[in-house]
Amino acid sequence: MTATKAPTEPPSQQRVVRRPGDRVFAGAARGSGIFILLVLAGVAAFLISEALPALTASSEEIPGGEGLGSYVWPLIVGTLLGAVIALVVATPLAVGIALYITYYAPRRIAAAMGYVIDLLAAIPSVVYGFWGLAVLAPKLVPFHQWTADNLSWIPLFAGPASASGRTMLTVGLVLAVMILPIISAIAREVFSQAPALHREAALALGATRWEMIKMAVLPYGKSGVIAGAMLGLGRALGETMAVAIILSGGGAATINLITSSNPSTIASNIALRFPEATGLGVNTLIASGLVLFVITLAVNMLARWVVNRRADFSGAN
Amino acid sequence: MAKRIEVSDLNIYYGNFLAVEGVNVSIEPRSITALIGPSGCGKSTFLRSLNRMHEVLPGARVEGKVVMDGQDLYGSDVDPVDVRRQIGMVFQRPNPFPTMSIYDNVIAGNRLNSKRMKKSETDELVERSLRGANLWNEVKDRLDRPGSGLSGGQQQRLCIARAIAVEPDVLLMDEPCSALDPISTLAIEDLMAELKERFTIVIVTHNMQQAARVSEQTGFFNLNGVGQPGRLIEFNPTEKIFSNPDQKATEDYISGRFG
């Protein structure tokens, strides 16, 4: 249609040869891009429309009788706490593992380790949940007691210590193990692609291996590690089964990590309550899901912003 | 400062493969020594063995001696990291650290020595090194910008500034101009002529005119065939190599009658 106007344009722009292969590929790529946006928009639309009754309902009608804010708030705190513990524990560990595999381990051990770590990602989360409940929680009881005895001046460890070990701390550690393979797999991939050119530049300046990693590998891999951490965080925020199994939940919002009375997380609360929920209860649960959606989106945008702030220095140019 | 390097009976291996065989040479201080020869003849491998960059590759090793002013660089108690701090290197492709500013690139090597330096000292060092690399006037207003934003020739001079900022004894250059245009090449060659007052320079080049223009001594590497080790065929004053070489192979190579 626009081609009919072509004679008025300069001849060089008149005929851009478009080969069928190009057109098919461009169409497929564009289609995929649009598809993912449509899915995202569909999910968002569903969440908003289903959450609307809860958002507009009066406080007394919401389960708990004190309004949506006080219903969701403990869950938000619980979700963020568990995810942050997981991220803080898993990220340095994952970076260490990735560096060991890419730059320190003998080649054969490195390959084997890579497989083992990837295997962690294949374990179903319900298994992690039972492991956390049956193995890790009892093992962590003495540690809980110790923190309550020695670190109670930090609000996170105010106590009293849980006798069962079924606490936010245990959940955070289980989540850390679960997201470890995601972060370390991505970190390993970006670290192994740090250009030999820059690694040699560092070595030729007289860098030790660790200094070489600091100068040429970590800065190069930083955005990849952040991306991996965000993927891990996404999984930790949304993890349902493991949390539901370990935590008793139902407590008030608290940052005290080692007591038995702690808030649940949004995802596990939805999973536990949904079967029995009716009417506005369903809308309330979906509204809490909407909150989770918004949190995840915000965290990801924040991470993007952090990565892009120093885009000039990323080495991509 | 500038030191003499004596190489005796040097064999260089990649795993079991003998890449370079039996090199004996003495590299003079305060001069430019050029290494020429066809691709794959081992001249870059030899160059990298001089600051122990060779052994960065898994399985790579050497036999023989490399002695710098009485110090055996391959002695059992010598740390390769120390060797590389004394013998700087400039690579074929400019490789400033993309995640660092121009300023930080220049002092990257000094930061490694982890001496605490005052801001005024580092400022002075950066200016001195960039002036030494003939780059100061072009970048003095954008020292905080990434080094990867410079042109190829500027990046290569930035790498030279980075190498000379740590005051090495020797500067190794592995085809430093092969990725650059003729004007940038000229700038680097002028720079080398200045730098040889202070450093021992060894340069690998594919450009025979360049070897003839800049160097005092020239070594010609060659190999008998694929899978054979490279050898140093002839090492003589540059003038002699390009006018009246001792070896037939050298003459064939420089006159283009080769292979």
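Naming: A, B, ... by sequence-line order, numbering from 1 per chain.
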Notebook entry, point to check: Side chain, backbone, both or neither: which part of V81(B) has a non-hydrogen atom closer than 4.5 Å to chain A?
Noted result: both
Notebook entry, point to check: Is it the backbone or the side chain of P80(B) that comes under 4.5 Å from a heavy atom of chain A, or both, or neither?
Noted result: neither
Margin query: So for L172(B), is it side chain, backbone, both, or neither that comes closer than 4.5 Å to the heavy atoms of chain A?
Written below: neither
Next item on the list: Please flag which part of R107(A) lies under 4.5 Å from any non-hydrogen atom of chain B: side chain, backbone, both or neither.
Entry: side chain
Checklist line | Part of A196(A) within contact of chain B (heavy atom distance under 4.5 Å) | finding: neither
Checklist line | Q156(B) and S184(B): side chain donor to acceptor below 3.5 Å | finding: no
Notebook entry, point to check: Under 3.5 Å, is there a donor-acceptor pair linking the side chains of T122(B) and Y103(B)?
Noted result: yes
Check: If you count heavy-atom pairs under 4.5 Å between each of R52(B), Q86(B), R93(B), M53(B) and chain A, which one has the most?
Finding: M53(B)
Next item on the list: Examine the side chains of E63(B) and Y13(B) and answer whether a donor and an acceptor come within less than 3.5 Å of each other.
Entry: yes
Item checked: R162(B) charged N/C atom sitting above F97(B) aromatic ring, 6.0 Å / 45° -> yes
Checklist line | Approximate separation, where rounding is to 0.5 Å, of I226(A) CD1 and L233(A) CG | finding: 12.5 Å
